[in-house]
Number of protein chains: 2
Amino acid sequence: MFFDSNTIIFVIVNHMNTIPVHININPELYKKNPESSDLGKRIITKSIEMIHEIGFEDFTFKKLGVEITSNESSIYRYFESKHMLLVYLINWYWSWLEYRLAYKIQNIKSPKEKLEIAVDLLVQEVINDNDFSSINEVLLHKIIVDESSKAYHTKSVDTENEKGFFKCYKRVVGRVSELVLEYNPDFEFPHMLISTVIEGAHQQRYFSQHLPSLTDFEKGKNNIVRFYTNLVFKALNIS
Amino acid sequence: MFFDSNTIIFVIVNHMNTIPVHININPELYKKNPESSDLGKRIITKSIEMIHEIGFEDFTFKKLGVEITSNESSIYRYFESKHMLLVYLINWYWSWLEYRLAYKIQNIKSPKEKLEIAVDLLVQEVINDNDFSSINEVLLHKIIVDESSKAYHTKSVDTENEKGFFKCYKRVVGRVSELVLEYNPDFEFPHMLISTVIEGAHQQRYFSQHLPSLTDFEKGKNNIVRFYTNLVFKALNIS
DNA sequence: ACTTAAATAATAGTATTACTATTGTTTTTT
DNA sequence: AAAAAACAATAGTAATACTATTATTTAAGT
């Protein structure tokens, strides 16, 4: 049985809310698979907590080593650099999202409904999902919002892109763009629309916390989801 | 005569293309005004070139010192840190944009036309504008596209926001949001719409260079401007 | 022209970061 | 019980992002 790297392997267990899922990450992103050992899992779990808490710039492998009562040098046996760890986490997130998307739309026929579900998934806050494995998805989503742009705003984007570091993200944009075209085959800019929505939603969440005058965020009113859902369907309706 | 910090002072000279304009930057952003000396101007001119060329992370005051045949320590007398220099440049850009916006819509009555002009200004590429002063606006715009998110994705956003470091940007979003409401007073999310358009357009330009599959960019077809102009007016038309 | 002050340049030094390399000590596997 | 793999501890490196001090040049005032 073959899977290309970054393939999602999943098993949907009927009539259950908790779905055993294994998210397979491109082995080029790590030196040793962190899923393969207890130390590796602690690295992932704690790094998510720490990056969320102190921010990516202040996060170091030395500090992480102290927190997991291990050593800086041991962490380097799993990840080449803290940048690679961030890239790993981001890929994990997008693989997980792709899996949830496939699951949620699997039995739905209506293109409109499928697109609605997709947009909601892309812009909605992540709520506690009985975090399976070593990953706290709620915190991971916050890292995506706060830090993910740092993964591709680097001098090395181009070479890293060639190596497939952003594959998962690009695949999600590709899949949802297909849903856009299913709904309106004449729309000229499906990728722009979807990447605008994804990045926009993340930024609006960030702005709502730090630069609220750039938003019209109001707590409990779901404005971000309402705004982007509206935006998508107004953009796609033939005027 | 009083001006609050970050106020734009401008003199519009009739029947001329080149408009003498003085962009006034919040003095809290620098230790010594770089406009006040030859060395200061060289710092600005060369830092724009260097940040554009090698990226913000690899840019250092030491390297800049070599390039302008001056010294690292002398640059520190103008700017507290390279971060503050970036914030300065970003404020300069938004002040300049606010000035151009005011100039372009000054005699226009139609709310629709005003908004069209504003959106075009926000998302269009910057073309060579007889660069007055020590600033190459074309390169500066590229820095905004590539690097500006680094100015506010930091641990210190909140305190810096309180100090007014992002005032110019917020004011542009505010003004254009007013134009949105002039055109459609019932629209619920003017700030979200405008900040989405601004940041989105920057990202699409970045993606078009580095992650083109996230866009539908085609050279010479002005897709970014067409996409965002459409998006705005479709979002604002009462369905 | 002379003094003073201001601006700039040169040098040195610091703490921290993002690593690499080496060696020793546990665990785990066979 | 031996061999291998994993991990921990330590040391070391080049670079960064600064600060501090001193020396030199340039400009300004009288």
Side-chain angles (χ1 to χ4, degrees), chain A residues 27 29-47 50-51 53-89 134 147 150-151 153-156 159-160 165, chain B residues 27 29-47 50-51 53-89 134 147 150-151 153-156 159-160 165:
Chain A
L29 301 182
Y30 49 75
K31 282 159 77 177
K32 181 180 171 172
N33 190 348
E35 293 286 331
S36 72
S37 75
D38 184 65
L39 179 62
K41 285 175 198 153
R42 275 187 289 146
I43 289 171
I44 298 301
T45 304
K46 200 74 201 177
S47 68
M50 287 183 77
I51 293 171
E53 213 185 323
I54 63 177
F56 186 65
E57 350 290 322
D58 284 2
F59 167 79
T60 71
F61 281 0
K62 200 163 199 169
K63 289 177 189 168
L64 176 58
V66 173
E67 287 288 317
I68 60 176
T69 51
S70 175
N71 198 273
E72 196 187 6
S73 59
S74 304
I75 301 162
Y76 276 104
R77 312 187 102 258
Y78 287 83
F79 292 101
E80 211 170 291
S81 64
K82 72 172 185 168
H83 174 249
M84 288 308 297
L85 170 55
L86 181 62
V87 171
Y88 176 92
L89 294 176
S134 34
E147 317 284 357
K150 293 166 190 171
H153 273 105
T154 63
K155 247 191 108 185
S156 47
T159 51
E160 292 186 356
F165 287 16
Chain B
L29 302 183
Y30 50 74
K31 282 159 77 178
K32 181 180 172 172
N33 190 348
E35 293 287 330
S36 72
S37 75
D38 184 65
L39 179 62
K41 285 174 198 152
R42 275 188 288 144
I43 289 171
I44 298 300
T45 304
K46 200 74 200 178
S47 67
M50 286 183 78
I51 293 171
E53 214 184 322
I54 64 177
F56 186 65
E57 351 290 323
D58 284 1
F59 166 79
T60 70
F61 281 180
K62 200 163 200 170
K63 290 177 189 168
L64 176 59
V66 173
E67 287 288 316
I68 60 177
T69 52
S70 174
N71 198 275
E72 195 187 7
S73 60
S74 303
I75 300 162
Y76 275 105
R77 312 187 100 258
Y78 287 84
F79 292 101
E80 210 170 291
S81 62
K82 71 171 186 169
H83 174 248
M84 288 308 296
L85 171 55
L86 181 62
V87 171
Y88 176 93
L89 294 176
S134 34
E147 317 284 358
K150 292 167 190 169
H153 273 107
T154 64
K155 246 191 109 183
S156 47
T159 51
E160 293 186 356
F165 287 16

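Side chains are part of it too, since the values below use all heavy atoms of this structure and drop only hydrogens, waters and symmetry mates. Chain naming here is simple, since letters A, B, ... match the order of the sequence lines and numbering starts at 1 in each.
- Distance check: A/Ser70 OG to A/Leu39 CG gives 4.5 Å after rounding to the nearest 0.5 Å.
- A search for side-chain contact (heavy atoms from CB on, under 4.5 Å) contacts involving A/Ser156 returns A/Thr154, A/Thr159, A/Glu160, not counting sequence neighbours.
- B/Tyr78 comes within 4.0 angstrom of sugar-phosphate atoms only, judged by non-hydrogen atoms across all strands, and of no base.
- A/Ile75 places its CD1 atom 17 Å from the P atom of D/dA6, with the value rounded to the nearest Å.
- Between atom CG of residue B/Leu85 and atom CD1 of residue B/Ile43 there is a gap of 8.0 Å, rounded to the nearest 0.5 Å.
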Could you give the side-chain donor-acceptor pairs of residues 55-62 of chain A under 3.5 Å, partners two or more places apart or in another chain?
| from | atom 1 | to | atom 2 | distance (Å) |
| --- | --- | --- | --- | --- |
| A/Glu57 | OE2 | A/Lys150 | NZ | 2.3 |
| A/Thr60 | OG1 | A/Lys62 | N | 3.4 |
| A/Thr60 | OG1 | A/Lys63 | N | 3.1 |

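- Between B/Arg77 atom CZ and D/dT26 atom P the separation is 16 Å, expressed in whole Å.
- The CE-C1' distance, from B/Met84 to D/dA17, rounds to 15 Å in whole Å.
- Residues passing the salt bridge (charged side-chain N to carboxylate O under 4.0 Å, His left out) test with B/Lys46 are B/Glu49, B/Glu67, sequence neighbours excluded.
- Under the rule for a side-chain contact (heavy atoms from CB on, under 4.5 Å), the partners of A/Ser73 that lie at least two apart in sequence or sit in another chain are A/Asn71.
- For A/Phe165, the ring-ring contact (aromatic ring centres under 6.0 Å, His included) test picks out no residue, with sequence neighbours left out.
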Give me, pair by pair, the N or O atoms of the protein and of nucleotides 4-6 of chain C that are less than 3.5 Å apart, along with how far apart they are.
none

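- Looking at residues two or more places apart in sequence or on another chain, you find no salt bridge (charged side-chain N to carboxylate O under 4.0 Å, His left out) involving A/Arg77.
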Handout entry: Letter per nucleotide, 5' to 3', of nucleotides 11-30 of chain C [B base touched, S only sugar-phosphate touched, - untouched; heavy atoms, 4.0 Å]
Key = B------SBBB---------
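- Rounded to an integer number of Å, the gap from CD1 of B/Ile68 to C1' of C/dA9 is 12 Å.
- If you take CZ of A/Phe79 and P of D/dA6, they are 15 Å apart, rounded to a whole angstrom.
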Using residues 29-36 of chain A as the side-chain source, report each donor-acceptor pair under 3.5 Å to any protein atom, sequence neighbours left out, with the distance given to one decimal.
| from | atom 1 | to | atom 2 | distance (Å) |
| --- | --- | --- | --- | --- |
| A/Lys31 | NZ | A/Tyr76 | O | 2.8 |
| A/Asn33 | OD1 | A/Glu35 | N | 2.9 |
| A/Ser36 | OG | A/Asn33 | O | 2.6 |

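- Residues of residues 34-47 of chain B having a heavy atom closer than 4.0 Å to DNA chain C, listed by number: B/Ser37, B/Leu39.
- Scanning for side chain to side chain donor-acceptor pair (under 3.5 Å) contacts around B/Tyr78 gives B/Ser37, with sequence neighbours left out.
- Of the possible polar contacts, one joining the A/Thr45 side chain to the A/Ser134 backbone as a donor-acceptor pair under 3.5 Å is found.
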